[in-house]
There are 2 protein chains.
Amino acid sequence: MATSCFAERLAKQVPLSDAEKKALARLEENPRKIKRGGMIQRVNDTVTELFVLREGRVMSFVILPDGSRQILRVYFPGDFIGSASTIYSKAPESLVALSDVIVCPFDKHALRRLLEEYPRVAALLFLLSNAERVAMTDRLAALGRTSAKARVASFLLDMFDRLRVTDDSIVDSFDLKLTQEEIGDSIGLTSVHVNRMIRQMEQEGLISRSNGRIILNDMARLEEIGHYTNRLKDIDLDWLPVS
Amino acid sequence: MATSCFAERLAKQVPLSDAEKKALARLEENPRKIKRGGMIQRVNDTVTELFVLREGRVMSFVILPDGSRQILRVYFPGDFIGSASTIYSKAPESLVALSDVIVCPFDKHALRRLLEEYPRVAALLFLLSNAERVAMTDRLAALGRTSAKARVASFLLDMFDRLRVTDDSIVDSFDLKLTQEEIGDSIGLTSVHVNRMIRQMEQEGLISRSNGRIILNDMARLEEIGHYTNRLKDIDLDWLPVS
DNA sequence: CGCGGCTTTGAGGTCGTTCAAGAGTTGTGG
DNA sequence: CCACAACTCTTGAACGACCTCAAAGCCGCG
């Protein structure tokens, strides 16, 4: 059977039948390489495709009329991206590769067939989408009601926990692979202020850095500062239909 | 056939078979009245239920450790609420009635059965969840990257457009039914500053107010100020399986 | 009529921004 | 393998958008 990044990811949450795995693998039949900085989807473009991200990192973002950018989400391998195009014929957000990536595009109609034939997979996608929504609300609360330092702390913890889902080798450090400007655009700050916060947290011994790598020295305290809760630990899909 | 608020809502986007309508109606078999201010779901409570909101208004929110509140979403009749409990056994957000309301709770397992038997409905729920996610990203961009005035403008327009989906009588005004503090908690401002912005917009002739009712005098300009786009106009579900 | 909640307004403070410039880093082509 | 260009990070100084605190007016309701 073809390897499927996405099926592997789902299977960590809930057992999948071979038929389901095979169906999911079909979504990844057309891998496409894209260079760092390459545009995968441009806002307002007519879109009929979705993607599974197999390798590398991708961000979704919007540019406001005054030129400022809001990064909506950073995606990692195994993520299902561009799902907004299931409801809108024009992309509400842009997608750009943050590193060299491999994405697997597939057509809306392939998704339709999948949903028809594998209701359980449809249910799973529904749930996954809800998880994304909750992740969004966490960041919404951070932007609306927390300090710059808290936002940086929770942002780092979120990246860390999400990376650890697919990479068991991660213990207490990870490659951020984002500029401070990109961090700022994710959490509603300027790059200048992100720098000051990171620097301050470094001086306080909360984190360390060595050539782009972030080391989380005091996770408990970071969680406190960022009002962070790891949602990934609380996922409960036991009630789902068994295959 | 029993009336179903939710089915009616969905049917505006895409035709439903009678069987599907009937199945959706079953979700609303247990209407429950709740008084204004009543708690429907408390954060961290163990939850096994979801709700269809049949009448009135509900908000979802979180309280941060310092006591500040972030309102995540205001819901209107026909909305599907509490769907986070499909993935988490503990509620990630609280739900409170903003007015006297009628909600229809149903168990996760009823949803499971629905998803199994009506794949097309599962697909629809998946799409609806994606729409919520996009609405969230719009607000995220507003909180992260726009001014107080822009946030108020886009907030008012969003309420307006969402109310108009189910209430054809709305032309250019609507009852907000929110205090200025609640508006502030929705868009990451203090009630004091919300007041100043509203007042300023009133003086500029952009809006008017009369006993709690908001009149939008210059929608074009409000959209410009708020960088607002009405997502509801662009929904395209033609590609969905036909029933 | 009086009470509690909401709105309005002012004065002063702060957190994060803006602008600017220098140091460090990375990538590229000769 | 070096030189140069283009980013990225770092730091300082000044500014301003929004907050905090406080008090007074208003409105609906019992």
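Excluded from the calculations below are hydrogen atoms, water molecules and symmetry mates; all remaining heavy atoms, backbone and side chain alike, are included. Just so it is clear: chains get the letters A, B, ... in the order the sequence lines come, proteins before strands, and each one is counted from 1.
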Any A/Asn195 side-chain N or O less than 4.0 Å from OP1/OP2 of D/dC9: no
A/Leu143 CG - D/dC18 P separation (whole Å): 15 Å
Euclidean distance, atom CG of residue A/Asn211 to atom P of D/dC9 [Å, nearest integer]: 13 Å
No-hydrogen, no-angle side-chain donor-acceptor test under 3.5 Å, A/Ser4 and A/Glu28: yes
side-chain N/O A/Arg199 vs D/dT10 OP1/OP2, d < 4.0 Å: yes
Side-chain H-bond candidate by donor/acceptor type, A/Tyr228 with A/Asp161, under 3.5 Å: yes
B/Asp175 side-chain N/O to B/Lys177 backbone N/O, donor-acceptor pair under 3.5 Å: no
Whole angstrom value for the distance that separates C1' of C/dT7 from CE of B/Met201: 17 Å
Salt bridge present between B/Arg73 and B/Glu132 (N-O < 4.0 angstrom): yes
Value in whole Å for how far the C1' atom of D/dT10 lies from CD of A/Gln200: 15 Å
Whole-Å distance separating the CG atom of B/Leu178 from the C1' atom of C/dC6: 13 Å
d(CD1, B/Ile198; P, C/dC6) in whole Å: 14 Å
Pair A/Ile187-A/Leu143, side chain to side chain contact (heavy atoms under 4.5 Å, CB included): steps then yes or no: CA-CA 6 Å; A/Ile187 58 181; A/Leu143 294 214; 4.2 Å; yes
Nucleic acid footprint by protein, nucleotides 12-21 of chain C - heavy-atom cut-off 4.0 Å, B for base, S for sugar-phosphate alone: ----BBBB--
N-O pairing of A/Asp185 and A/Arg69 below 4.0 Å: yes
Length of the line joining B/Glu181:CD and D/dC21:C1', which is rounded to integer Å: 15 Å
Phosphate OP1/OP2 of D/dT10: any A/Gln180 side-chain N/O under 4.0 Å: yes
